[in-house]
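Written out below as structure tokens is the structure these notes cover.
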Amino acid sequence: MEVRSLFPAHMKKTKIVATIGPSSDSPKMIEKLIESGVDVFRFNTKHGDVDWHRVRIKLVKKISAKLRQPVAILLDLQGPEIRIGKFPEAEIKLECGETIVFSQEQSSEKTIIFPNKKVLQSLKKDQIVLIDDGFFKFQVLENQGKKVLVKVLCAGILGSRKGVNLPGADLDLPSIIQADLEKLDMAVKEPVDFVALSFTRSREDIQLLKKEMLKRGVRAKIIAKIENKKSIDNFSQILDEADGIMVARGDLGVEIDLYQIPYWQKKIINQCRELGKPVITATQMLQSMVNCPKPTRAEVSDVANAVYDYTDAVMLSGETANGNYPLEAVQIMNQIVCYTEDKRGSSDIQAKTDTSLKAIVKGAFNLYKGMTAVNDNVKAFVVLSQTGTTAKMLSRYRPEKPIIAVTESIETRNQLLLTYGVYADFLHFPRGNIHSLRMIFQDLVKKQLLAKGDLVVVIKGKQWKLPDGMSTVSLETIVF
Ligand code: PEP
């Protein structure tokens with residue numbers, strides 16, 4: 001009898017990240033979202049205080065343990081985000097062409113409060129200021145020091161506390177704010193798998209975050225959010241320093257021209273893939289599902305196209321955080337991913353093989369390709385990967401078959417939840433660094449990830465957990 005995977009929703013190759021919020025933080029909903037294909041829960045610390053996040057991170061871990069279904073936690077730090085203050089009447093009406101004031105204090109004129117003095121001081125004549133995802137546009141007329149006169153370029157009703165974008169401006173704001181440090185303090189007691197840094201501008205921003213994490217003993221992987229012009233300009237150094245990338249199309253689409261987004265999405269995904277660093281395609285993927293149980297055709301195509309781009313993960317934000325149809329959004333996203341993966345052909349990549357590990361991994365992939373040309377019996381790759389590096393290097397080739405990464409590290413198992421095509425299996429090796437393929441295969445069959453008679457391509461070293469110890473590629477049949 002051929003037995004196949006325990007969790008079909010999770011054997012998809014493209015991972016799903018869902019943002020948790022008031023629409024999705026009940027135990028029942030978290031359970032349903034995990035069962036429907038969520039691999040990573042994102043905690044957006046722009047909203048909610050430390051306790052809100054702590055309680056829900058604990059809850060997700062508890063439910064994941066109950067379901068025996070690993071899910072990872074991504075803590076998304078606010079970073080140097082600029083927001084306007086509160087209006088006395090909660091909102092103000094803006095007329096096209098009128099002159100109003102940006103200031104730290106309310107004045108007798110129509111005022112938008114800018115709490116950050118540095119931001120106000122930086123505004124120069126003719127500069128364009130965008131508020132609320134770019135829906136409101138202003139042109140600076142005159143900076144008078146305490147107040148800045150601006151011309152309203154489009155009419156509408158503007159609410160309090162909305163985000164501000166200053167396209168092209170080079171502001172010297174700290175990359176990590178006090179609220180971020182408090183979230184990192186929380187992550188000491190309540191460990192997370194990934195920390196994302198908003199508005200990353202340079203390698204130094206990541207290095208500073210690393211320092212703060214090291215100081216506290218937070219061992220998560222760092223995801224750099226690409227969401228402004230600076231992060232595009234400095235992308236190579238940011239990618240080199242970070243462990244993974246998020247194409248944060250929300251702010252990116254305000255900071256650069258919208259029509260450039262697909263170009264940068266594809267370019268960033270390809271560069272991440274070449275280095276074996278996970279990349280998340282994020283924001284407005286199924287946006288209309290915040291209010292409607294069905295997505296638009298364009299949204300369905302957007303998710304499918306990210307799969308065609310070979311992204312590691314696709315992400316839901318408002319759809320699951322505060323939308324009316326969080327479960328439906330995950331279910332539909334999962335359907336699009338599974339169907340598209342099934343129909344899409346394979347893709348070749350000229351991945352660098354400048355280390356012996358990469359050369360060995362390429363050898364394994366070539367063996368797989370050679371075998372599939374003879375027959376279609378290879379069911380999976382089995383990779384002994386303590387740090388996850390070997391699995392990530394293999395994932396660069398985006399093979400059609402799953403990569404089962406056997407690891408004795410819970411940390412690695414969780415962090416691989418963001419890597420394309422990898423199913424990480426935790427296995428305890430009772431004899432220290434001695435491994436036995438028989439024991440590994442028995443475990444994988446018991447967990448119904450493989451079945452007797454399956455052919456697999458194995459990558460392993462002579463001994464378990466030796467750094468740079470990968471040395472053997474073999475074709476094995478599951479028999480015992
Ligand atoms: C984005 O801007 O696309 C994004 C993901 O960031 P946030 O949701 O934190 O604004």
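When a ligand or atom number is given, it counts from 1 through the structure's own listing order.
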Arg56 to Phe43, cation-pi by 6.0 Å centre distance and 45° axis angle |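 No, Arg56 and Phe43 do not form such a contact.
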
Would you mind listing which atoms of ligand 1 come within a distance below 4.0 Å of any non-hydrogen atom of Gly250?
->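 Answer for ligand 1: 1 (C), 2 (O), 3 (O).
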
Identify, by atom number and element, the atoms of ligand 1 in contact range of Ala248, meaning under 4.0 Å from any of its heavy atoms.
->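 Taking each heavy atom of Ala248 in turn, ligand 1 has 1 (C), 2 (O), 3 (O), 4 (C), 5 (C) under 4.0 Å.
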
Do the charged groups of [X] and [Y] touch, with an N to O distance under 4.0 Å?
{"X": "Lys230", "Y": "Asp170", "result": "yes"}
{"X": "Glu190", "Y": "Lys61", "result": "yes"}
{"X": "Glu411", "Y": "Arg219", "result": "yes"}
{"X": "Asp243", "Y": "Lys277", "result": "no"}

Could an N or O of ligand 1 be found under 3.5 Å from any N or O of Met246, whether backbone or side chain?
->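 Among all N and O atoms of Met246, none is under 3.5 Å from an N or O of ligand 1.
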
Got an N/O contact under 3.5 Å between Arg249 and ligand 1?
->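 Such a contact does occur with ligand 1.
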
May I ask whether Arg42 places a heavy atom under 4.0 Å from ligand 1?
->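 Yes, Arg42 has heavy atoms under 4.0 Å from ligand 1.
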
Any Glu81 heavy atom less than 4.0 Å from ligand 1 |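 The answer is no, since Glu81 has no heavy atom less than 4.0 Å from ligand 1.
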
Provide, to 0.1 Å, the distance between atom 5 (C) of ligand 1 and the closest protein heavy atom, together with that atom's residue and name.
->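 Sorting protein heavy atoms by distance from atom 5 (C) of ligand 1 puts Thr283 OG1, 3.3 Å first.
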
Taking atom 7 (P) of ligand 1 as the reference point, the nearest protein heavy atom with its distance |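 Looking at atom 7 (P) of ligand 1, the protein heavy atom closest to it is Lys46 NZ, 3.2 Å.
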
Does any donor atom in the side chain of Asp251 or Asn165 lie under 3.5 Å from an acceptor atom in the other side chain?
->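 Asn165 and Asp251 do have a side-chain donor-acceptor pair below 3.5 Å.
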
Tell me which part of Lys225 gets within contact of ligand 1: side chain, backbone, both or neither, using heavy atoms under 4.0 Å.
->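 Answer for Lys225: side chain.
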
Hey, is Asp251 touching ligand 1 through its side chain, its backbone, both or neither, going by heavy atoms under 4.0 Å?
->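 For Asp251, the contact with ligand 1 is made by both the backbone and the side chain.
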
Examine distances only and state if a side-chain atom of Arg201 and a backbone atom of Leu171 form a donor-acceptor pair shorter than 3.5 Å.
->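 Here the side-chain-to-backbone pair exists.
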
